[in-house]
Amino acid sequence: MTGFSSLMSLIFLAILVLAVVALVMAALARPDAYLAANKQNKNFWLIILGITVLVNLVVPMIFLQIIGLIATIVFMVDVRPALKEVSGGPRRGGGSSSDGPYGPYNGGR
């Protein structure tokens, strides 16, 4: 293998892994969370991401892989954070430095 073809193989593998991760995350989310987040329904994303994984495995056409990559990125950047927000997922930041694992610590006041 030449350097370029091995680099392209790694890129295609990364695209496939990202699509599989997005598909698993879409499958694990609750169906009502999609509606609450005002996104397309769960079946829509499962079909789109499933087709993306299938195209990456069976039909290695760069044009179709790029379209699937765009759909995967949209899911990971837009839909997934909205699903986590409405599902009450773990918060990052936003809390006080005095917050404990069970809520704010008031120092015995």
Side-chain angles (χ1 to χ4, degrees):
M1 264 194 192
T2 65
F4 180 74
S5 66
S6 61
L7 176 66
M8 291 305 290
S9 295
L10 285 176
I11 291 172
F12 291 144
L13 180 63
I15 291 171
L16 174 64
V17 168
L18 186 64
V20 169
V21 167
L23 179 63
V24 169
M25 289 180 175
L28 293 177
R30 295 187 340 245
D32 61 330
Y34 288 88
L35 297 175
N38 200 22
K39 303 297 177 185
Q40 292 288 335
N41 62 23
K42 183 175 182 172
N43 290 335
F44 172 83
W45 283 107
L46 290 177
I47 290 169
I48 294 296
L49 295 171
I51 290 172
T52 299
V53 170
L54 188 66
V55 163
N56 283 320
L57 288 173
V58 178
V59 188
M61 291 178 59
I62 189 69
F63 178 72
L64 295 176
Q65 288 176 322
I66 289 174
I67 291 172
L69 178 62
I70 292 170
T72 302
I73 290 172
V74 167
F75 179 82
M76 296 295 278
V77 173
D78 182 41
V79 178
R80 182 173 166 254
L83 294 175
K84 285 176 72 173
E85 185 177 319
V86 300
S87 297
R91 294 183 319 186
R92 287 194 180 171
S96 171
S97 62
S98 65
D99 283 356
Y102 306 107
Y105 176 72
N106 295 329
R109 291 183 243 171

**OP:** Output yes when a side-chain donor or acceptor of Lys42 lies under 3.5 Å from a complementary backbone atom of Arg30, and no otherwise.
**Re:**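 Pair absent, no side-chain N/O of Lys42 close to backbone of Arg30.
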Original post:
Can Ser9 and Ser6 be said to form a side chain to side chain donor-acceptor pair (under 3.5 Å), step by step?
Top reply: CA-CA 5 Å; Ser9 295; Ser6 61; over 6 Å; no
Look at the side-chain heavy atoms of Ile, Leu, Val, Met, Phe, Trp and Tyr, link any pair under 4.5 Å apart, and say whether [X] and [Y] land in one connected group.
{"X": "Val20", "Y": "Leu10", "result": "no"}
{"X": "Leu35", "Y": "Trp45", "result": "no"}
{"X": "Val17", "Y": "Val77", "result": "yes"}

Pairwise distance [atom1]([X]) to [atom2]([Y]) - rounded to 0.5 angstrom:
{"X": "Ile15", "Y": "Ile73", "atom1": "CD1", "atom2": "CD1", "value": "8.5 Å"}
{"X": "Met25", "Y": "Leu23", "atom1": "CE", "atom2": "CG", "value": "11.0 Å"}
{"X": "Asn41", "Y": "Ile47", "atom1": "CG", "atom2": "CD1", "value": "8.0 Å"}
{"X": "Asp32", "Y": "Ser87", "atom1": "CG", "atom2": "OG", "value": "7.5 Å"}

**OP:** For Phe12 and Ile62, run side-chain contact (heavy atoms from CB on, under 4.5 Å): C-alpha distance rounded to whole Å, both residues' side-chain angles, the deciding distance at 0.1 Å, then the answer.
**Re:** CA-CA 9 Å; Phe12 291 144; Ile62 189 69; 3.3 Å; yes
Are [X] and [Y] packed together at the side-chain level, in the sense that at least one heavy-atom pair is separated by less than 4.5 angstrom?
{"X": "Phe75", "Y": "Thr72", "value": "no"}
{"X": "Tyr34", "Y": "Val86", "value": "no"}
{"X": "Val55", "Y": "Met61", "value": "no"}

Tell me the closest heavy-atom pair linking [X] and [Y], and the distance in Å.
{"X": "Asn56", "Y": "Gln65", "answer": "OD1-CG, 3.0 Å"}
{"X": "Leu16", "Y": "Val53", "answer": "CD1-O, 4.1 Å"}
{"X": "Ile48", "Y": "Ala71", "answer": "CG2-CB, 3.7 Å"}
{"X": "Ala19", "Y": "Thr52", "answer": "CB-CG2, 3.8 Å"}

Original post:
By salt bridge (charged side-chain N to carboxylate O under 4.0 Å, His left out), which residues pair with Lys39, not counting sequence neighbours?
Top reply: Asp78
